[in-house]
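Naming convention: chains lettered A, B, ... in sequence-line order (proteins, then strands); numbering from 1 in each chain.
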There are 2 protein chains.
Amino acid sequence: MLGYQLKHLQSVLRSRMDEALRPLDLSTPQYACLELLKRSPGASNSELARGGFVTRQTMNTMLRGLQDRGLVTRPEKATSGRVLPTTLTEKGEEALAGAVARVEEISALMVSPLNDSQRSHLAEALDRCIDALSSDAS
Amino acid sequence: MLGYQLKHLQSVLRSRMDEALRPLDLSTPQYACLELLKRSPGASNSELARGGFVTRQTMNTMLRGLQDRGLVTRPEKATSGRVLPTTLTEKGEEALAGAVARVEEISALMVSPLNDSQRSHLAEALDRCIDALSSDAS
DNA sequence: TGACTCATGTAAGTATTCTGACATTCATTG
DNA sequence: CAATGAATGTCAGAATACTTACATGAGTCA
């Protein structure tokens, strides 16, 4: 039953976010990718894939799209190993800034029926559920 | 931030469910479809699509797959309108029963770190968030 | 040093889901 | 009654994500 609620909320949230980001020509996964890069500049493709909960092949094609649009940059050759550290461009930061503003609105709307205490408890509960399922299956 | 947690939990849950259902040759969306049919026997394709948070085209192809495997039945022609009421077959109910057992385990594991009160509050909070985002955008 | 293991980036093909479009049926409404 | 609108089922094509597979580079250990 809780799994169903999760899917429901995720579905609605995804719809709202896609709507809000469409004017910027960004999808929700693309937004997530930019957000990850903001937090972890120079992250590798694989790291971004793990952070975005997609395969590294999927993230790879996403990065190419963002790269072709000039939102992110990757060096031609790796300096060490095979890792190509990705960073946001100026243009990418601007796009992200606009996107964040829109997403924040939706996020705020989503939790608007909850007070601060309830929000903390919700976040705490979700983290515990994640831990419980993440046990050890790699 | 909460959106990220939701995506994370959903991702892990989906993985665990797919693993658990693989021996039965069922995907998580297929399981959801069978579960919906159990609760609403004779549901239409569109109703199932709404309940499973997918488009009716997607649900249509899913139903064909389940139909070809003999898990669900649809009449050839509609008795009224265009609706083709779908129902679980004997074989479908058996498959669902096996699937439910496995899914229940995972569901139980997921909420194992929470006590009864916390589980209620979590469910309540999720419902409120859903309502807040579901306002009026059709 | 050399074999082994592991993680990474990438390519190709498959699977899944969505968007756009159309015909059909029922209900409403003038 | 005729016309309109809404909902349904379905087809075709595009987008998206995944699986399988392979080559490359780094670290480990005998």
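- If you check every strand for non-hydrogen atoms under 4.0 Å, A:Ser44 touches sugar and phosphate atoms only.
- OP1 or OP2 of C:dT8 lies within a sub-4.0 Å distance of a side-chain N or O belonging to A:Arg50.
- Contact between the side-chain N/O atoms of A:Ser46 and the OP1/OP2 oxygens of C:dG9 is found at a separation under 4.0 Å.
- The side chain of B:Arg56 sits closest to C:dA21 out of C:dT8, C:dT10, C:dA21.
- Checking the phosphate oxygens (OP1, OP2) of D:dT8, no side-chain nitrogen or oxygen of B:Asn45 falls inside 4.0 Å.
- Among the nucleotides C:dT8, C:dT19, D:dG9, the one closest to any side-chain atom of B:Thr55 is C:dT19.
- The distance between atom CG of A:Asn60 and atom C1' of D:dT16, rounded to the nearest whole Å, is 15 Å.
- In this model, a side-chain donor or acceptor of B:Gln57 finds a partner on the base of C:dG20 within 3.5 Å.
- Of the possible polar contacts, one joining the B:Glu47 side chain to the B:Ser44 backbone as a donor-acceptor pair under 3.5 Å is found.
- Checking C:dC22, C:dT8, D:dC18 against the side-chain heavy atoms of A:Val54 singles out D:dC18 as nearest.
- Within the 4.0 angstrom heavy-atom criterion, base atoms lie near A:Thr58.
- Remark: C1' of D:dC18 and CE of A:Met62 are 15 Å apart, rounded to the nearest angstrom.
- The residues A:Asp18 and A:Arg22 are annotated as not salt-bridged, no charged nitrogen and carboxylate oxygen being separated by less than 4.0 angstrom.
- Comparing A:Pro29 and A:Arg82 along DNA chain D, the residue whose closest nucleotide (by nearest heavy atom) sits nearer the 5' end is A:Pro29.
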- [ ] Go through the steps for A:Thr28 and A:Val103 under the test side-chain contact (heavy atoms from CB on, under 4.5 Å), then give the verdict.
- [x] CA-CA 9 Å; A:Thr28 299; A:Val103 170; over 6 Å; no

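- Side-chain polar atoms of A:Thr55 and A:Thr58 form a donor-acceptor pair below 3.5 angstrom.
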